[in-house]
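Order of appearance sets the numbers: ligands from 1, and atoms from 1 within every ligand.
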Amino acid sequence: MQRHSGGMIGNSLSLCYHNKLILAPMVRVGTLPMRLLALDYGADIVYCEELIDLKMLQCKRVVNEVLNTVDFVAPDDRVVFRTCEREKNKVVFQMGTSDAERALAVARLVENDVAGIDVNMGCPKEYSTKGGMGAALLSDPDKIEKILSTLVKGTHRPVTCKIRILPSLEDTLNLVKRIERTGISAIAVHGRNREERPQHPVSCEAIRAIAETLSIPVIANGGSHDHIQQYLDIEDFRQATAASSVMVARAAMWNPSIFLKDGLRPLEEVMQKYLRYAMQYDNHYTNTKYCLCQMLREQLESPQGRLLHAAQSSQEICEAFGFGAFYEETIRKLDARRADLLAKTPEAVEEPTEDTSGIIKMAIRFDRRAYPPQITPKMCLLEWCRREKLPQPVYETVQRPVDRMFCSVVTVAEQRYQSTLWDKSKKLAEQTAAIVCLRSQGLPEGRLGEENPSLNKRKREAPDQDLGGPRVQEPVLPGEICKKPFVTLGSSEDNLLEGC
Ligand code: FNR
């Protein structure tokens with residue numbers, strides 16, 4: 001493809017869609033590490049995976065100072081969308097929606113952190129079409145018009161949509177003309193209809209007819225496998241479709257270096273680069289594993305493939321690639337950065353008070369960021385009770401109907417402890433109660449930067465039955481780096497929208 005170095009992306013409010021190499025939206029694949037990798041290899045624009053409007057509307061925008069990212073975080077602390085400064089002018093946010101007002105609310109939520117807004121109108125899967133989203137929109141042009149024109153008027157980012165073709169060319173052309181009149185900046189066309197699957201041939205003719213009919217840029221999609229196997233094929237596909245730009249999905253998922261002018265890089269190198277980003281941005285291990293499996297494809301039966309297949313954590317994935325030391329180093333750095341930030345914002349010291357019912361109370365809340373992934377206050381309290389030969393702590397939790405918040409009372413050695421602040425979940429409330437107990441007695445609670453000899457000792461001494469010796473890195477205490485609010489639970493989309 002002919003590459004234009006100048007004028008690719010204009011000021012932050014415009015995104016040029018001429019002569020661009022574009023990473024397609026892909027559920028599970030299109031998270032931050034893959035997008036950054038595609039940019040490294042020469043993609044000009046990257047789309048995120050499709051994110052559903054209702055889910056996005058529950059999210060809060062959080063600046064993540066540990067990872068240097070902007071996170072959109074759901075009430076359950078899952079990161080639904082993570083982005084960063086590096087891709088700000090290049091990332092297009094794709095949403096699934098069937099409602100103009102909701103779509104606009106989502107656009108407004110993310111518009112200052114992304115370069116463009118896209119609506120997916122191509123997903124043929126039932127869970128999407130059932131809600132009137134995805135390919136269901138293709139048979140409701142009035143709704144398409146409403147959604148797109150509302151977005152064009154209401155957001156200051158360029159708006160695009162991604163469609164599939166209709167069974168008749170005439171209907172397709174009528175639809176795209178109507179779509180163009182809404183004022184969108186470009187249209188991506190997957191050259192298959194909603195009944196067709198990847199094994200069906202993509203219709204370059206239909207994309208060409210659309211490109212010749214419209215004045216806005218048309219982005220050709222659907223060429224992986226049959227047409228696109230290497231860099232030079234991308235330009236051939238563009239010419240065959242007379243499109244302005246090309247959007248690549250599967251070929252980029254199999255090897256993101258497809259965007260590299262000098263040709264594909266060896267998979268081993270690509271996977272290692274991907275893994276570095278996945279660790280750096282604390283990608284959820286299931287998502288990392290999925291992407292690496294897609295790259296390994298035919299080699300899943302190799303020794304490395306088997307190790308990857310069996311991996312149940314980021315650490316095990318890293319070890320499968322000989323990156324064990326890199327994993328340790330990344331965790332150490334992230335923990336240090338977290339501790340550093342916490343040290344700069346010291347928590348107000350709360351004095352415990354005993355109320356008339358004899359319960360010791362403090363106004364505190366459990367902040368997951370203040371603790372390493374494997375350690376919680378509850379664990380510390382349990383460990384301390386064991387050491388002191390006390391009965392296990394007993395937690396009693398209540399939920400108040402007014403706002404459905406939780407409060408927990410923990411009983412230790414016949415004394416009850418409770419926070420005066422209420423929490424969003426039972427789990428959090430129990431951790432908070434444990435902190436009140438530990439803190440009011442001056443006991444270690446496992447916070448970052450605080451030594452907890454007993455827990456560490458237990459970790460080191462866990463015997464390995466198979467090897468007959470100590471298993472130094474055995475994670476006695478469960479927990480994955482992704483469990484912290486500051487870090488990702490990766491994509492919340494567990495559904496695979498393959499073939500959208
Ligand atoms: C997809 N596709 C897709 N499309 C979309 O608009 N939003 C999405 O979230 C997804 N998710 C997705 C996941 C996976 C794993 C695959 C393989 C595909 C469809 C994709 O963007 C593209 O339209 C098709 O794959 C056809 O393009 P290629 O693969 O021939 O380049």
Using heavy atoms and a 4.0 Å limit, tell me yes or no: is Phe237 in contact with ligand 1? no
All pairs passing ring pair (Phe, Tyr, Trp, His ring centres under 6.0 Å) where residues 85-116 contributes a residue, at least two apart: Phe81-Phe93
For Asp113 and Thr83, test the side chains for any donor-to-acceptor distance below 3.5 angstrom and give the result as yes or no. no
May I ask you to identify, for Trp254, whether its side chain, its backbone, both or neither come under 4.0 Å of ligand 1 on a heavy-atom basis? neither
Distance-only side-chain donor-acceptor flag, Glu145 / Thr182, under 3.5 Å: no
Does the side chain of Tyr277 pick up a donor-acceptor pair with the side chain of Asp40 at under 3.5 Å? yes
If we number the atoms of ligand 1 from 1 as shown, the ones under 4.0 Å from a heavy atom of Arg250 are 17 (C), 25 (O), 28 (P), 29 (O), 30 (O), 31 (O)
By side chain to side chain contact (heavy atoms under 4.5 Å, CB included), which residues pair with Ala278, not counting sequence neighbours? Pro33, Tyr274, Asn283, Thr288
Backbone, side chain, both or neither: what part of His190 comes under 4.0 angstrom of ligand 1, heavy atoms only? side chain
Regarding Lys90 and Glu87, does a basic nitrogen lie under 4.0 Å from an acidic carboxylate oxygen? no
For Tyr281, is the NZ or CZ atom of Arg82 found under 6.0 angstrom from the centre of its six-membered ring and inside 45 degrees of the ring axis? no
Distance filter under 4.0 Å to Tyr290 heavy atoms, resulting ligand 1 atoms: 15 (C)
Taking heavy atoms and a distance under 4.0 Å, where does Gln294 meet ligand 1: side chain, backbone, both or neither? neither
For Lys162, which part has a heavy atom under 4.0 Å from ligand 1: side chain, backbone, both, or neither? side chain
Please indicate whether any nitrogen or oxygen in Arg192 is less than 3.5 Å from any nitrogen or oxygen in ligand 1. no
Option set Asn221, Ile22, Val29, criterion heavy-atom distance to atom 26 (C) of ligand 1, minimum: Asn221
Which ligand 1 atoms are under 4.0 Å away from a heavy-atom of Gln94? 5 (C), 6 (O), 7 (N), 8 (C), 9 (O)
Would you call Glu180-Lys177 a salt bridge at under 4.0 Å N-O? no
Near Gly222, which atoms of ligand 1 are under 4.0 Å from a heavy atom of that residue? 26 (C), 27 (O), 28 (P), 30 (O)
Please say whether Met253 places an N or O atom under 3.5 Å from an N or O atom belonging to ligand 1. no
Tell me whether Met247 has any N or O atom under 3.5 angstrom from an N or O of ligand 1. no
Could you establish whether Gly223 and ligand 1 come within less than 4.0 Å of each other, counting only heavy atoms on the residue side? yes
Thinking salt bridges, do Arg102 and Asp53 make one under a 4.0 Å N-O criterion? yes
Ligand 1-proximal atoms of Ala24, by part, heavy-atom distance under 4.0 Å: side chain
Residue portion contacting ligand 1 (non-hydrogen atoms closer than 4.0 Å) for Asn120: side chain
Can a side-chain donor-acceptor contact be found between Ser257 and Asn255 if the only test is distance below 3.5 angstrom? yes
